[in-house]
Amino acid sequence: MSNPLKQVFNKDRTFRPKRKFEPGTQRFELHKKAQASLNAGLDLKLAVQLPHQEDQNDWVAVHVVDFFNRINLIYGTISDSCTEQSCPVMSGGPKYEYRWQDENRYRKPTALSAPKYMNLLMDWIEVQINNEDVFPTNVGTPFPKNFFQVVKKILSRLFRVFVHVYIHHFDRIIQMGAEAHVNTCYKHFYYFVTEFNLIDTKELEPLKEMTSRMCH
């Protein structure tokens, strides 16, 4: 993590606990393998590819949890400037507005402020990744049949965090000197979701121009 991000997260703030991988588990070993590829400076396009003889569900699960932790952290860096006043609507510029829908309070797509949307989103993802029926932690426990369906929804919604941060708060990221960190995280995320076809092309539209420059 870059120093500006460390400084922000050493402040007295409340952040969600990370979902950790238990040492000794297959998922922990995969996590280490994924991290080693990144630390070795391997091309991000290659780093996201499924290692030989590894299970695709396990590989995807490890990355979803990792992206949740990292994107949650990125949003935290700009959360003090993303307020009900500055961002009364969760959007990505004038063309894109994101409405929240879930199985509880918001059964119909509802327009919300960006901070409220983000809180609901992070809470919702945390519930998914800590649900043993969706993200089983025991080796040998099968993944549910709708695993990829859930994963696609999680990643599509996490992409919206990037859209909002890049379009509405990137000046804050630059001010903090965290631009390189955020760009690397975005590239890693983009290569991963395109490698496994986990986000519809239409959903990627808002950052299309930036992505074509950044991700060759």
Treating [X] as the side-chain partner and [Y] as the backbone partner, does any N or O pair qualify as donor plus acceptor under 3.5 Å?
X	Y	answer
D66	V62	no
T137	F135	no
W59	V48	yes
T77	I74	yes
D102	N104	yes
Q101	Y106	no

Could you tell me the separation between the [atom1] atom of [X] and the [atom2] atom of [Y], rounded to the nearest 0.5 Å?
X	Y	atom1	atom2	result
R70	F67	CZ	CZ	6.0 Å
L50	Q56	CG	CD	6.0 Å
R99	M90	CZ	CE	13.5 Å
Q85	S113	CD	OG	9.0 Å
T141	E132	OG1	CD	7.5 Å
R160	E97	CZ	CD	11.0 Å

Side-chain touch [X]/[Y], heavy atoms, less than 4.5 angstrom:
X	Y	value
I154	F68	no
L46	Y191	no
D80	R172	yes
Y190	L44	no
P115	E84	yes

Check: Could you walk me through whether V65 and N69 pass the side chain to side chain contact (heavy atoms under 4.5 Å, CB included) check?
Finding: CA-CA 6 Å; V65 173; N69 289 331; 3.9 Å; yes

Might you point out which heavy atoms bring [X] and [Y] nearest each other, and give the distance in Å?
X	Y	answer
Q128	V150	OE1-CG1, 4.0 Å
D55	D58	OD2-N, 3.0 Å
G92	Y98	N-CE1, 4.4 Å
L198	S156	O-OG, 4.4 Å
L155	F189	O-CZ, 3.4 Å
Y75	C82	OH-SG, 3.2 Å

Check: Name the one of E205, H164, E203 that satisfies side-chain contact (heavy atoms from CB on, under 4.5 Å) with Y96?
Finding: E205

Next item on the list: Kindly determine whether T211 and K208 satisfy side chain to side chain contact (heavy atoms under 4.5 Å, CB included), including the steps that lead there.
Entry: CA-CA 5 Å; T211 305; K208 189 178 175 183; 5.8 Å; no

Is there a path of hydrophobic side-chain contacts, each under 4.5 Å between heavy atoms, that joins [X] and [Y]?
X	Y	answer
I125	V127	no
I167	V89	no
F162	I174	yes

Checklist line | Centroid-centroid distance, Y186 to Y166, less than 6.0 Å | finding: yes

Notebook entry, point to check: Do you see a donor-acceptor pair shorter than 3.5 Å between the side chains of H168 and S91?
Noted result: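 Per modelled atom types, H168 and S91 side chains form a pair under 3.5 Å.
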
Notebook entry, point to check: Should the heavy atoms of other residues, nucleotides or ligands under 6.0 Å from CD of E209 be counted, would the total exceed 12?
Noted result: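 No, the 6.0 Å shell around CD holds no more than 12 heavy atoms from other groups.
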
Notebook entry, point to check: side chain to side chain contact (heavy atoms under 4.5 Å, CB included) between I173 and H169: does it pass, once the steps are laid out?
Noted result: CA-CA 7 Å; I173 295 287; H169 300 289; 5.5 Å; no

Next item on the list: For the pair R157 and W124, evaluate side chain to side chain contact (heavy atoms under 4.5 Å, CB included) and give the outcome as yes or no after the intermediate values.
Entry: CA-CA 10 Å; R157 286 178 161 183; W124 175 78; 3.6 Å; yes

